[in-house]
Amino acid sequence: MSENSNPEPSNFIRNIINDDLKNNKNESRVHTRFPPEPNGYLHIGHAKSICLNFGVAQDYEGGVCNLRFDDTNPEKEDVEYTDSIQNDVKWLGFDWEDRLFYASDYYEKLFEFAKQLIRDDKAYVCHLNTDETREYRGTLTEPGKPSPYRDRSVEENLDLFGRMRAAEFDEGECLLRAKIDMASPNMNMRDPAIYRIRKVAHHRTGNDWCIYPMYDYTHCVSDALEGITHSLCTLEFEDHRPLYDWFLDQLPVPCHPQQIEFARLNLNYTVTSKRKLNELVTDGHVSGWDDPRMPTIVGMRRRGYTPESIRDFCGRIGVTKTDTVIDVGVLENCVREDLDKRTRRVLGVLDPLKVVIENYPEEETESLDAPYHPNNPDMGQRQLPFSKVIYIEQSDFMEDPPKKFYRLGPGREVRLRYAYFITCNEVIKDDAGNVVELRCSYDPETKGGNAPDGRKVKGTIHWVSVEHALQTEVRLYDRLFNDPKPDSNKHEQDWKEFLNSDSIKLIKAAYLEPSLAEAQKEDIFQFERTGYFCVDNKDSLDGKPVFNRTVTLRDSWAKRK
RNA sequence: UGGGGUAUGGCCAAGUUGGUUAAGGCACAUGGUUUUGAUCCAUGCAUUCCGAGGUUCGAGUCCUCGUACCCCAGCCA
């Protein structure tokens with residue numbers, strides 16, 4: 001591939017790496033890692049980090065990226081999540097090859113390193129309880145004060161730490177702490193915890209351990225043990241960097257990776273905090289983590305978003321240290337762009353209005369050629385059955401149309417896509433005055449959609465033969481929230497009050513062209529003039545696909561109204 | 001003056017060591033093509049880079065002083 005066809009994005013992290021390479025730092029290696037805690041499902045925010053970490057590695061000669069589970073808090077973690085996370089990363093199109101690691105792989109080494117810290121008088125066992133620890137820590141503006149246990153001897157600390165591991169203490173009874181600086185203006189340096197006691201089973205190590213290492217201690221050491229060169233994380237860890245470096249400076253680790261922080265992704269009309277996503281699920285506002293309205297990877301997948309579109313999105317938004325809120329429209333646009341070129345066009349009527357073509361023979365059915373893609377003949381074509389009674393979209397008829405309305409109205413002529421010109425002769429209403437049926441006539445000369453006399457029609461509408469239609473369920477999804485910033489802390493209201501009550505519209509019986517009976521799970525189509533739809537990967541049955549609307553088409557007509 | 005960060009058009013974002021007309025995408029607007037009011041194509045869209053001073057022949061890029069916003073007081077990550 002030529003390099004100009006898809007130039008690498010320029011961002012501050014790549015600039016740092018370029019400099020490092022120029023200076024022969026890290027033996028000119030580039031080694032990153034994606035380090036999720038397996039305590040939930042991955043979402044679009046994680047996708048940014050995944051694309052960054054794997055993407056950077058991919059783009060440099062010999063660069064690699066590890067998948068590492070930061071599993072140091074057994075109470076919240078589970079194999080359900082390690083499984084789903086691996087699936088999601090793979091689905092996004094990335095490959096960690098044989099480099100799947102767990103922080104829990106390093107428990108024994110971490111324990112030995114901790115003893116080293118004690119021997120060097122850089123760590124001590126502290127018996128302050130939680131409240132006391134908080135008091136001793138001081139506040140943002142006042143320094144903390146040293147724990148009364150801070151000056152225990154190396155021997156005593158070694159003995160105590162061994163007994164912590166041997167389960168001789170209860171949860172919360174004591175901690176192993178780093179001995180740094182209780183007066184540091186950086187709270188993270190005020191003798192942070194290294195190990196705490198948790199008498200719970202770990203999803204991988206079972207009951208082997210009753211003490212678990214903290215993130216700050218574990219992460220930097222894990223990075224170093226794996227030979228990571230650039231440890232990319234989000235902005236809130238900026239204050240932790242001195243501690244990251246402190247641990248590595250004390251310990252005989254093989255290398256000292258550089259932590260670099262970037263801004264996490266925020267999307268408007270969306271929430272991405274794990275807590276809130278979880279609340280949506282447990283409170284039943286959505287059907288699960290994979291509800292098509294969820295910003296989770298599984299949700300977006302079920303919605304019909306493609307890995308390509310998500311990767312494209314992550315590339316377009318850039319990587320900076322600026323706190324920003326990206327317009328979801330950018331994501332939707334990436335989806336449309338990808339789907340436009342890859343999906344087959346089909347006809348489907350979601351809100352049917354019956355049309356009887358009076359001059360069309362009663363029993364006749366004809367088969368019409370219909371290409372799958374207007375700009376790409378390679379995608380082939382299928383046959384469309386046409387007959388006397390068809391459905392068109394309710395919104396494609398107006399009894400009293402405004403100017404600029406190109407569609408059907410009394411006495412008007414339109415083209416049925418790939419079929420004939422029809423003219424509306426009569427409007428039939430029910431007792432309540434609702435339009436229930438149109439009586440039309442067709443021009444046999446216009447088969448295929450062109451008039452031999454050269455006359456033009458302004459509008460082309462989609463349709464489906466009633467007799468041949470596949471009747472199935474279609475779900476129209478929309479944004480989950482009405483407000484651009486549902487979780488802004490400036491709102492007085494609870495974020496859930498901004499839930500969009502119309503985020504799902506269920507159509508029990510939509511009428512689709514019969515070829516769709518063969519659609520397979522996760523196939524995506526464009527229903528002409530209405531949007532992109534994907535076959536639900538859960539509720540679809542053989543021959544009876546259920547469709548989820550991925551995203552609508554752009555609609556400049558709707559905008560005009 | 002607790003500490004750490006960030007400020008470039010409606011939303012993102014590029015802008016190496018100061019040097020001509022401040023990339024690009026999204027959005028928006030207008031025109032063209034079109035059997036999807038889709039796609040596609042063309043054009044337009046920051047006398048200005050948070051503000052005020054200053055240095056300089058020349059500053060988004062350097063200096064000074066301000067302002068706004070974000071993060072930090074888990075035995076979570």
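Each chain gets a letter, A, B and so on, in the order its sequence line appears, and its residues count up from 1. These figures come from a predicted structure and were not determined experimentally.
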Subject >> NZ/NE/NH1/NH2 to OD/OE distance under 4.0 Å, A:Glu171 and A:Arg196 >> reply: no
**OP:** Quickly work out the A:Asn188 CG to B:G2 C1' distance and round it to whole Å.
**Re:** 14 Å
**OP:** Using only side-chain N and O atoms of A:Ser10, determine if any of them is under 4.0 Å from OP1 or OP2 of B:A13.
**Re:** no
**OP:** Measure from the side-chain heavy atoms of A:Glu236 and tell me the nearest of B:G37, B:C71, B:C12.
**Re:** B:C71
Original post:
Choosing from B:G37, B:A73, B:G15, which nucleotide comes nearest the side chain of A:Lys404?
Top reply: B:G37
Subject >> Which nucleotide in B:U39, B:G25, B:C71 has an atom nearest any side-chain atom of A:Arg316 >> reply: B:G25
Original post:
Closer than 4.0 Å, any side-chain N/O of A:Arg198 to the OP1 or OP2 of B:C76?
Top reply: yes
Original post:
Heavy atoms under 4.0 Å, any strand shown: does A:Asp70 hit a base, just sugar-phosphate, or nothing?
Top reply: sugar-phosphate
Original post:
Using Watson-Crick pairs (N1 to N3, plus N6-O4 or O6-N4) and G-U wobble pairs, both distances under 3.5 Å, which stems of at least 3 pairs involve RNA chain B?
Top reply: B:2-7 with B:67-72, B:10-12 with B:24-26, B:28-32 with B:40-44, B:50-54 with B:62-66
**OP:** Please state the P separation for the pair B:U61 and B:U56 - nearest whole angstrom.
**Re:** 16 Å
**OP:** Using a heavy-atom cut-off of under 4.0 Å over every strand shown, decide if A:Phe405 touches base, sugar-phosphate, or nothing.
**Re:** base
Original post:
If you look at every strand shown and take non-hydrogen atoms under 4.0 Å, does A:Gln526 touch a base, only sugar-phosphate, or nothing?
Top reply: base
**OP:** Determine the contact category for A:Tyr418: base if any of its heavy atoms lies under 4.0 Å from a base atom, sugar-phosphate if only primed atoms, P, OP1 or OP2 are that close, otherwise nothing.
**Re:** base
Original post:
Picking from B:A77, B:G2, B:C12, which would you name as closest to the side chain of A:Ile326?
Top reply: B:C12
Original post:
Any Lys/Arg nitrogen of A:Arg316 or A:Glu337 sitting under 4.0 Å from an Asp/Glu carboxylate oxygen of the other?
Top reply: yes
**OP:** Using only side-chain N and O atoms of A:Asn15, determine if any of them is under 4.0 Å from OP1 or OP2 of B:A14.
**Re:** no
Original post:
Can you tell me if the side-chain N/O atoms of A:Lys321 get under 4.0 Å from OP1 or OP2 in B:A7?
Top reply: no
**OP:** Could you work out which one of B:A13, B:U6, B:G2 sits closest to the side chain of A:Leu140?
**Re:** B:G2
**OP:** On RNA chain B, check which nucleotide each of A:Leu175 and A:Thr446 is closest to and give me the residue with the more 5' one.
**Re:** A:Thr446
Original post:
Ion pair present between A:Arg68 and A:Asp223, side-chain N to carboxylate O less than 4.0 angstrom?
Top reply: yes
Original post:
Using atom C1' of each nucleotide, how far apart are B:A38 and B:A77 to the nearest Å?
Top reply: 44 Å
Original post:
Can you check whether A:Phe161 and A:Tyr124 have ring centres sitting under 6.0 Å from each other?
Top reply: no
**OP:** Would you indicate what A:Val457 reaches in the nucleic acid, counting non-hydrogen atoms under 4.0 angstrom: base, sugar-phosphate, or nothing?
**Re:** nothing
Original post:
OP1, OP2 of B:C75 versus side-chain N and O of A:Arg137: anything below 4.0 Å?
Top reply: yes
Original post:
Would you say A:Trp557 stacks on B:G37, if stacking means ring centres under 5.5 Å apart and planes within less than 30 degrees?
Top reply: yes
Original post:
Quick check: are there more than 12 heavy atoms from other residues, nucleotides or ligands sitting under 6.0 Å from NZ of A:Lys458?
Top reply: no
Original post:
Does A:Asp239 get its side chain close enough to the base of B:G3, under 3.5 Å, for a donor-acceptor pair?
Top reply: yes
Subject >> Selection residues 35-47 of chain A - residue pairs positive for salt bridge (Lys or Arg N to Asp or Glu O under 4.0 Å), sequence neighbours left out >> reply: none
Original post:
For A:Ser184 and B:G3, is the shortest distance between a side-chain N/O and OP1 or OP2 below 4.0 Å?
Top reply: no
Subject >> Distance test, side-chain N/O of A:Asn333 to OP1/OP2 of B:A27, below 4.0 Å >> reply: yes
Subject >> Under 4.0 angstrom between A:Arg554 side-chain N/O and B:A27 OP1 or OP2 >> reply: yes
**OP:** Give A:His462 one of three labels, base, sugar-phosphate or nothing, depending on what nucleic acid heavy atoms sit under 4.0 Å from its own.
**Re:** nothing
Original post:
For A:Thr530, which contact category applies under a 4.0 Å heavy-atom criterion: base, sugar-phosphate, or nothing?
Top reply: nothing
Subject >> Nucleotide nearest A:Thr322 (side chain, heavy atoms from C-beta), chosen from B:C12, B:C76, B:A7 >> reply: B:A7
Original post:
Would you say A:Arg190 reaches B:A73's phosphate, i.e. side-chain N/O to OP1/OP2 under 4.0 Å?
Top reply: no
**OP:** Would you please confirm or rule out a distance under 4.0 Å between OP1 or OP2 of B:C75 and any side-chain N or O of A:Thr133?
**Re:** no
Original post:
Within less than 4.0 Å of OP1 or OP2 of B:A77, is there a side-chain N or O belonging to A:Arg196?
Top reply: yes
Original post:
How is A:Phe237 classified with respect to the nucleic acid when contacts are heavy atoms under 4.0 Å: base, sugar-phosphate, or nothing?
Top reply: base
Subject >> Sugar-phosphate, base or nothing in reach of A:Pro242, heavy atoms under 4.0 Å >> reply: nothing
Original post:
Syn or anti for B:G24, with syn set at within 90° of 0?
Top reply: anti
**OP:** Over 60° means perpendicular and under 30° means parallel, so classify the ring planes of A:Trp495 and A:Phe481, tilted if in between.
**Re:** tilted
Original post:
When the nearest nucleotide of RNA chain B is assigned to A:Lys76 and to A:Val319 on a heavy-atom basis, which residue is associated with the more 5' position?
Top reply: A:Val319
Original post:
Is A:Leu128 touching bases, backbone alone, or none of the nucleic acid, heavy atoms closer than 4.0 Å?
Top reply: base
**OP:** State which of B:G37, B:C72, B:C70 makes the closest approach to the side chain of A:Ser556.
**Re:** B:G37
**OP:** Measure from the side chain of A:Glu337, starting at C-beta and using heavy atoms only, and say which of B:C76, B:A73, B:C26 lies closest.
**Re:** B:C26
Subject >> A:Thr139 side-chain proximity, nearest of B:G3, B:A73, B:A77 >> reply: B:A73
Subject >> Of the listed nucleotides B:C26, B:C12, B:C76, the one nearest the side chain of A:Thr324 >> reply: B:C12
Original post:
salt bridge (Lys or Arg N to Asp or Glu O under 4.0 Å): which pairs involve residues 172-186 of chain A, sequence neighbours left out?
Top reply: A:Asp121-A:Lys179
**OP:** Taking the six-membered ring for Trp and the single ring otherwise, decide whether the centroids of A:Tyr244 and A:Phe237 are under 6.0 Å apart.
**Re:** no
Original post:
Hey, is A:Glu393 close enough to A:Arg407 for a salt bridge, meaning N to O under 4.0 Å?
Top reply: no
Subject >> Backbone of A:Pro484 reached by a side-chain donor or acceptor of A:Arg479 within 3.5 Å >> reply: no
Original post:
When all nucleic acid strands are considered with a 4.0 Å heavy-atom cut-off, which category describes A:Asn129: base, sugar-phosphate, or nothing?
Top reply: base
**OP:** Describe the nucleic acid contact of A:Asp340 in one word from base, sugar-phosphate, nothing, applying a heavy-atom distance below 4.0 Å.
**Re:** sugar-phosphate
